[in-house]
Amino acid sequence: MQPFTERNIVILTGAGISAESGLDTFRDPDGIWAKYDYRRVATPEGFAADPDLVHEFYNMRRREAAKCAPNPAHAALARLQREWPGGFLLVTQNIDGLHEGAGSTDVLHMHGTLSGGLCAACGARFTGPAEMTTASVCPACAEAGSVRPDVVWFGEMPYGMDEISDALAMADLFVSIGTSGTVYPAAGFVRLAKEAGAWTVELNLEASGAHFDTIIEGRASETVPAFVERLLAAPDGRL
Ligand code: BJW
C-alpha cells in the first residue's frame, strides 16, 4: 500500500472487471454459480466431501485464466496507481492475476489467488502447481494430501481485513468496480467508507442497488479508463 498521506483512494474490484477478458462472473445468468453448486466447490465442507471435484474445478479455472489477458479496465487502474499522488489501495475479490498482468503492484487479494496453494496441515502458503491434486505435496512440510487451493471459501476469513479496515478508515474516495455487492465482508466496505467520510462511487454494468454517491453504469473496459482519466485530470474534484 502506498502511504495514505494526501488524498486516499480505496478501490474494490469484482468479477465484472475481468468479464471482458473472457472470464465468467459468478451471479450473472450464465455465471459460474449457474453451472456449479457453490456448496460443493467453494466451501470447506465441499472440499472435505470431494477434494477431487474441487481440485478439478480450480484446475479448470486456472486453465481458463491462463488464456485471458488484462483489458483496458485493468490497465487504467495500473495507470491510476502509477500516477496518483495520494494513498492508493487496490483490493480485489478476484483470484485471477489480471491486475498484476496489467502492471498493478501490491494488490490485496482478499479471496486468495488461483496461483496459490495452502497446506491444511502446516498452514504454509506457496505458489502452487498449475494442476493440483489430492497427491500434491506441500513444499514446506512435505505432507501429501493436505494441499488445497489458496482461495477463501464461504465461511472462511478473507485475507487482509486489518489492512483493508485501516485503509477504509482513512479513505477520501472509495470506488467499487464490477461486483454485485452480494458477498460479505466486501459488500460492507461502502458503508465503512461512508462512515469515514469518503465519497463513494460504483462502476458496474448495472447498479447493484447499494447506496453509492455516484453510480456509473456500463462496461468496465469503457467506464474505468474514462473515470481514471477524469480523476487524474481533477484529483480534488467531486465526481
Ligand atoms: C460487469 C461486467 C462488465 C458483468 N463491466 N461490470 C448473511 C449476512 C452477511 C454475511 C453472510 C450471511 N450469510 C453468510 C454470510 C457470509 C458469507 C456471505 O457473504 N454470504 C452471502 C452470499 C450472503 N461470506 C463469507 O463466508 C466470507 N467470509 C466471512 O464472512 O468471514 C467472516 C467475517 C466476518 C466479518 C469480517 C470478516 C470476516 C467469505 C466469502 C468468500 C467468497 N468466495 C468466493 C469463491 C472463492 C473464490 C473463487 O473461487 O473465485 O469468491 S464466492 C464468489 O463471490 C467469489 C467472488 O470473489 C465473490 C464476489 O463475487 P463478485 O465479484 O461480486 O461477482 P458477481 O458475479 O456476484 O458480480 C459480478 C458483477 O459484475 C455484477 O454486478 C455484474 O453486473 C457486473 N458485470 N460484466 C462491468 N463487462
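All of these numbers come straight from a predicted model, not from anything done at the bench. Read the numbers this way: they start at 1 and go in the same order the structure lists the ligands and their atoms. Computation of the quantities below employed the complete heavy-atom set of this structure, encompassing side-chain atoms and omitting hydrogens, waters and symmetry-equivalent molecules.
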So, are Asp30 and Lys35 salt-bridged, with charged N and O less than 4.0 Å apart? no

Flag the pair Trp84 / Arg7 as yes when at least one side-chain heavy-atom distance between them is below 4.5 Å, and no otherwise. yes

Is it the side chain, the backbone, both or neither of [X] that has a heavy atom closer than 4.0 Å to ligand 1?
X      : answer
Tyr58  : side chain
Ser221 : neither
Ala19  : side chain
Arg61  : side chain

Are Ile9 and Val228 linked, directly or through intermediate hydrophobic residues, by side-chain heavy-atom contacts shorter than 4.5 Å (ILVMFWY only)? yes

Which of the atoms of ligand 1 are close to Arg219, meaning less than 4.0 Å from one of its heavy atoms? 5 (N)

Identify the closest protein heavy atom to atom 47 (C) of ligand 1: which residue and atom is it, and at what distance? Ile95 CG2, 4.0 Å

Protein heavy atoms near atom 16 (C) of ligand 1, is at least one of them under 4.0 angstrom away? no

Nearest to atom 39 (C) of ligand 1 by heavy atom, Glu20, Glu156, Arg27, His109: which? Glu156

Test: Arg40 cationic atom under 6.0 Å from Phe57 six-membered ring centre, within 45° of axis: no

